[in-house]
Amino acid sequence: MPAALAEVPDLVVVPDSSLADLTTLRIGGRPRALVEGRTAEAVAAAVRILDDAGVPVLVLGGGSNLVVAEGGLDLVVVAVRNHDVTFGEDMVCSGAGVTWDDLVAESVERGLGGLECLSGIPGSVGATPVQNVGAYGVEVAQLLVRVRLYDRASREDRWVDPVELGLDYRTSVLKNTDRAVVLEVEFRLDPDGLSEPIRYAELAARLDVEPGERTDAAQVRETVLALRRGKGMVLDGEDHDTWSAGSFFTNPVVPSEEIDAVRERVEARVGAAQAGRMPRFDADGGVKLSAGWLIERAGFAKGHPAPDAPARLSTKHALAITNRGSATADDVIALAREVRDGVREAFGVELRPEPVWVGCAI
Ligand SMILES: Cc1cc2nc3c(=O)[nH]c(=O)nc-3n(C[C@H](O)[C@H](O)[C@H](O)COP(=O)(O)OP(=O)(O)OC[C@H]3O[C@@H](n4cnc5c(N)ncnc54)[C@H](O)[C@@H]3O)c2cc1C
């Protein structure tokens, strides 16, 4: 480890760390070292010193979107742990290390609307622009005002407009790159305490509102949390269905000219009635399908492959790959490949993984 790290104020070296203890999938080996940056400046300084020394870096938030290899890892983990939060009348500015759902809960408690549909998503505030976190019809792209970045190429620390981030469906220019570290994030909020317009049909039905209506943000938060718990999508140490990296695959976007062929294959496999109900949404570049729906129709039921398997699909949600307590990265990778290949063979649709891979690949 570069000696200069010891001189950085508010940077704490944590001995004997393992990524298995730092990720929600609870899998991963031992890094060369783990340092925690308790201020934005400490995080940026640590990354700068390590970059200058040519040491590979893993920037870590809550570890909820990572699949990490086992064994010795030739990298230093810089954990982002700056926790300052400032609320204004219609905005909040948050340190990247703040737990995302704490920020959502506090804004709702303060009567500020905007973030409620994103309740219950694990991880840190700083990671939310990285994959343009989204759920129940809302993405952070809709709410971002500006983002403070440490740019690893220019070594500048600056605020950027969200348009610079290339935010798109579960991705941005920051995802799977070493481009920048998010240090702080500012979101717009609504002082009237009303939610974003409710666009997601299942949520609108549960809330008994028309799609597009806005309603009490606190009620939306509770309803979203209940829906997510039913799908194993709220972390719970006692529940193996939540020992996951969330949705393992993004919903595939099929070019419009290929959608009839996909539908025919679905019909051949599960019949016309089910094919007629296949969830499909217009999207940039074609038609977005539901990865979870396709996985189940390709023959991978919830809980696949068996109750005693170390890695299984969640028993509540076919899109989550879960560690039942003793899974290795190889178990997760083997199951992910089986599902991806099975969906490709059944329907000719390619599923792409949503998490970030460290030292391993699907
Ligand atoms: C049960 C469960 C449910 C989930 N539900 C959803 C959901 O509904 N919607 C959704 O979008 N996601 C969901 N996820 C995925 C995950 O929670 C989000 O992607 C989250 O934003 C990841 O945050 P994190 O801090 O844990 O990131 P980490 O897993 O620590 O890191 C993920 C990636 O972001 C990078 N990164 C982290 N922090 C920073 C930073 N400050 N600056 C630059 N790069 C950084 C890391 O280097 C890594 O490449 C879910 C995950 C789980 C386990």
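Counting convention: from 1, in listed order, for ligands and their atoms alike.
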> Which protein non-hydrogen atom lies closest to atom 33 (C) of ligand 1, naming both residue and atom, and how far is it?
Replying inline: Val356 CG2, 3.9 Å
>> What I want to find out is whether Lys231 reaches Glu202 closely enough, with some N-O distance under 4.0 Å, to be called a salt bridge.
In response: yes
> Does the N or O separation between Gly61 and ligand 1 drop below 3.5 Å for any pair?
Replying inline: yes
> Looking only at N/O atoms, are Gln131 and ligand 1 under 3.5 Å apart anywhere?
Replying inline: yes
> Is any N or O atom of Val59, backbone or side chain, closer than 3.5 Å to an N or O atom of ligand 1?
Replying inline: yes
>> Using the ring centroid of each side chain, check whether Tyr150 and Trp159 are separated by less than 6.0 Å.
In response: no
> Are the charged groups of Lys175 and Glu354 less than 4.0 angstrom apart, N to O?
Replying inline: no
> Of Val181, Leu165, Asp157, which meets side chain to side chain contact (heavy atoms under 4.5 Å, CB included) against Leu149?
Replying inline: Leu165
> Are any of the N/O atoms in Val234 less than 3.5 Å from those in ligand 1?
Replying inline: no
>> On a heavy-atom basis, I'd like to know which of Ser314, Ala96, Ser64 is closest to atom 22 (C) of ligand 1.
In response: Ser64
> Taking NZ, NE, NH1 and NH2 as the nitrogens, is one of them in Arg221 or Asp216 under 4.0 Å from a carboxylate oxygen of the other?
Replying inline: no
>> For atom 40 (C) of ligand 1, tell me which residue out of Val43, Asn176, Val182 has the closest non-hydrogen atom.
In response: Val182
>> So, regarding Pro122 and ligand 1 (criterion: nitrogen or oxygen to nitrogen or oxygen, under 3.5 Å), is there a contact or not?
In response: yes
>> Check this for me, if you would: do Arg155 and Asp52 make a salt bridge, where the nitrogen-to-carboxylate-oxygen distance has to be below 4.0 angstrom?
In response: yes
> Which atoms from ligand 1 have a heavy atom of Val181 less than 4.0 Å away?
Replying inline: 42 (N), 43 (C)
> Among all protein non-hydrogen atoms, which one is nearest to atom 48 (C) of ligand 1, and what is the separation to 0.1 Å?
Replying inline: Leu66 CD2, 3.8 Å
>> Can you tell whether the side chains of Asp341 and Arg344 come within less than 4.0 Å, N to carboxylate O?
In response: yes
> Which ligand 1 atoms, with their elements, are less than 4.0 angstrom from a heavy-atom of Leu60?
Replying inline: 30 (O)
> Among Gly123, Gly134, Ala180, whose heavy atom sits nearest atom 9 (N) of ligand 1?
Replying inline: Gly134
> Who's closest to atom 8 (O) of ligand 1 heavy-atom-wise, of Arg228, Glu139, Lys231, Met233?
Replying inline: Arg228
>> Starting from Val12, can I reach Met1 by hopping between I/L/V/M/F/W/Y residues whose side chains sit under 4.5 Å apart?
In response: no
>> Counting non-hydrogen protein atoms only, what is the nearest one to atom 34 (O) of ligand 1? Give residue, atom name and distance.
In response: Val130 CG1, 3.7 Å
> So, Arg158 and Asp151, do they make that salt bridge, N to O below 4.0 Å?
Replying inline: yes
> Which residue supplies the protein heavy atom nearest to atom 23 (O) of ligand 1, what is that atom called, and how far is it?
Replying inline: Ala127 CB, 3.1 Å
> Between Arg324 and Asp308, does at least one N-O distance fall below 4.0 Å, as a salt bridge requires?
Replying inline: no
>> Is it the case that ligand 1 has an N or O less than 3.5 angstrom from some N or O of Ser244?
In response: no
>> For atom 28 (P) of ligand 1, what's the nearest protein heavy-atom neighbour? Residue, atom name and distance, please.
In response: Gly63 N, 3.5 Å
>> Please report whether ligand 1 has a polar contact with Leu58, defined as an N or O pair separated by less than 3.5 Å (distance criterion only).
In response: no
> Honestly, is Arg297 close enough over Phe347, meaning NZ or CZ under 6.0 Å from the six-membered ring centre and within 45° of the axis?
Replying inline: no
>> Side chain or backbone, does Asn65 bring an N or O within less than 3.5 Å of an N or O on ligand 1?
In response: yes
> Which atoms of ligand 1 have any heavy atom of Ile121 under 4.0 Å away?
Replying inline: 6 (C), 7 (C), 8 (O), 9 (N), 13 (C), 17 (O)
